[in-house]
Amino acid sequence: MYYMLLGTGFEETEAVAPLDLLRRAGIKVATVGLNGKTIVGSHGIPITADLTIEELDLTSMEGVILPGGLRGVASIRASRLAMDAISFAWENHLLTAAICAGPTVLADLGIPDGRKATCYPGCEENMGKAIMVEKAAVIDGNLVTGTSAGCAVPFGLALITAISGQEAADQVANAIVIR
């Protein structure tokens, strides 16, 4: 199971667009509320999470995905359980992904050091020793990063590529008519 961590103030587009694309590709993803089951995003849109952070099962984890949103990222940083889940994913060579300001949380843990990554413009100074790349989404092994809400679809397709391969990503892109 892939887990998408949702903290209060998360960027809705960066969560919902990749989540939708992953599910279209048949990838099992559960949303995880860090502050209960109903999490309100940065633009006041409430999302009902599939489970709470306390219910997250590390033994079934195949990877972790972080949307951005400054308040959402602050919620992730403030949750020891969330930070432990991210560390667990990385230490066990599982998919570890984040978009927008989310990659800075990964940088707090040293995850992108020496790897290619992207983040929201202006957050680069908080990316540790990452090799910064100006692309919508970047895959470097089991690390996937995305730039912004405007790059949520390319980020979602990059996640599919990393998990299920380019053909699966191309099928979803064709189904939603990416031009």
Side-chain angles (χ1 to χ4, degrees), residues 2-19 22 29-54 56 61 63-91 94-113 115-140 142-156 158-159 162:
Y2 293 88
Y3 293 112
M4 180 177 284
L5 306 183
L6 302 178
T8 299
F10 72 94
E11 173 59 54
E12 293 95 338
T13 300
E14 296 166 4
V16 174
L19 176 65
L22 288 162
V29 183
T31 53
V32 180
L34 303 187
N35 314 99
K37 276 265 191 153
T38 300
I39 306 297
V40 179
S42 61
H43 296 95
I45 301 171
I47 300 288
T48 302
D50 297 313
L51 58 141
T52 66
I53 189 69
E54 293 81 13
L56 188 148
M61 179 186 281
V64 64
I65 304 162
L66 313 179
L70 291 177
R71 287 183 26 243
V73 166
S75 295
I76 292 170
R77 282 189 172 106
S79 169
R80 177 53 30 213
L81 290 175
M83 296 300 284
D84 288 347
I86 297 163
S87 294
F88 178 88
W90 187 250
E91 290 165 6
L94 305 175
L95 178 92
T96 306
I99 184 171
C100 195
T104 65
V105 174
L106 304 183
D108 292 348
L109 299 169
I111 291 170
D113 287 353
R115 293 180 173 263
K116 293 178 183 173
T118 190
C119 65
Y120 188 80
C123 290
E124 296 91 350
E125 63 195 35
N126 300 314
M127 287 297 292
K129 297 178 184 173
I131 301 164
M132 298 308 297
V133 179
E134 288 189 33
K135 288 177 63 177
V138 176
I139 302 171
D140 189 336
N142 59 324
L143 175 66
V144 180
T145 52
T147 301
S148 63
C151 301
V153 169
F155 176 67
L159 291 170

Check: What distance do Ile39 atom CD1 and Thr31 atom OG1 have between them, rounded to the nearest 0.5 Å?
Finding: 9.0 Å
Check: From Leu34 CG over to Met83 CE, what is the distance, rounded to the nearest 0.5 angstrom?
Finding: 11.0 Å
Notebook entry, point to check: So do Leu22 and Ile65 actually touch side chain to side chain, heavy atoms under 4.5 Å?
Noted result: yes
Notebook entry, point to check: Should Glu134 and Thr118 count as side-chain neighbours, where that means a heavy-atom distance under 4.5 Å?
Noted result: no
What side-chain donor-acceptor pairs closer than 3.5 Å can you find for residues 94-110, not counting sequence neighbours?
from	atom 1	to	atom 2	distance (Å)
Thr96	OG1	Leu94	O	3.1
Thr104	OG1	Arg77	NH2	2.9
Thr104	OG1	Ala101	O	2.6
Asp108	OD2	Arg77	NE	2.4
Asp108	OD2	Arg77	NH2	3.1

Checklist line | Close side-chain approach of Val16 and Ile45, heavy atoms under 4.5 Å | finding: no
Note to self: Quick one, Tyr2 and Leu159 - any side-chain contact, counting heavy atoms below 4.5 Å?
What the structure shows: no
Margin query: Nearest 0.5 Å, please: how far is SG in Cys151 from CD in Glu14?
Written below: 9.0 Å
Check: Looking only at heavy atoms, what is the nearest atom pair of Gly9 and Arg71, with distance?
Finding: CA-CB, 3.8 Å
Checklist line | Reported CG-to-CG distance for the pair Leu66 and Leu6, which is rounded to 0.5 angstrom | finding: 10.0 Å
Margin query: As a quick check of understanding, evaluate side-chain contact (heavy atoms from CB on, under 4.5 Å) for Arg115 and Asn142, giving each step before the final call.
Written below: CA-CA 10 Å; Arg115 293 180 173 263; Asn142 59 324; 4.2 Å; yes
Notebook entry, point to check: Heavy atoms, side chains only, cut-off 4.5 Å: are Thr13 and His43 in contact?
Noted result: no
Item checked: side-chain contact (heavy atoms from CB on, under 4.5 Å) involving Glu125 - partner list, sequence neighbours excluded -> none
Note to self: On a heavy-atom basis, which atom in Val73 and which in Pro67 lie closest, and how many Å separate them?
What the structure shows: CG2-O, 4.3 Å
Item checked: Pairwise side-chain contact, Met61 with Tyr3, heavy-atom cut-off 4.5 Å (strictly under) -> yes
Margin query: Rounded at 0.5 Å granularity, tell me how far CG in Asp113 sits from CD1 in Ile131.
Written below: 9.5 Å
Next item on the list: Report the distance from atom CZ of Phe155 to atom OG1 of Thr147, rounding to the nearest 0.5 Å.
Entry: 10.0 Å
Next item on the list: Determine the minimum heavy-atom distance between Met4 and Pro18, stating which atoms define it.
Entry: CE-CB, 4.4 Å
Check: Is Glu54 atom CD crowded by more than 12 heavy atoms from other residues, nucleotides or ligands, each under 6.0 Å away?
Finding: yes
Item checked: Ser75-Thr8 side chain donor-acceptor pair, cut-off 3.5 Å -> no
Next item on the list: Determine whether Lys135 and Thr145 make a side-chain contact, defined as any pair of heavy atoms from C-beta on separated by less than 4.5 Å.
Entry: no
Margin query: I want to check something: taking the side chain as every heavy atom from C-beta on, are Leu143 and Trp90 in contact at a cut-off of under 4.5 Å?
Written below: yes
Check: Of the non-hydrogen atoms in Gly33 and Ala49, which two are nearest, and what is the gap between them?
Finding: N-CB, 3.4 Å
Item checked: Side chain Lys129, main chain Pro112, donor-acceptor under 3.5 Å -> no
Item checked: Smallest separation among heavy atoms of Ala117 and Val138, with atom names -> N-CG1, 4.1 Å
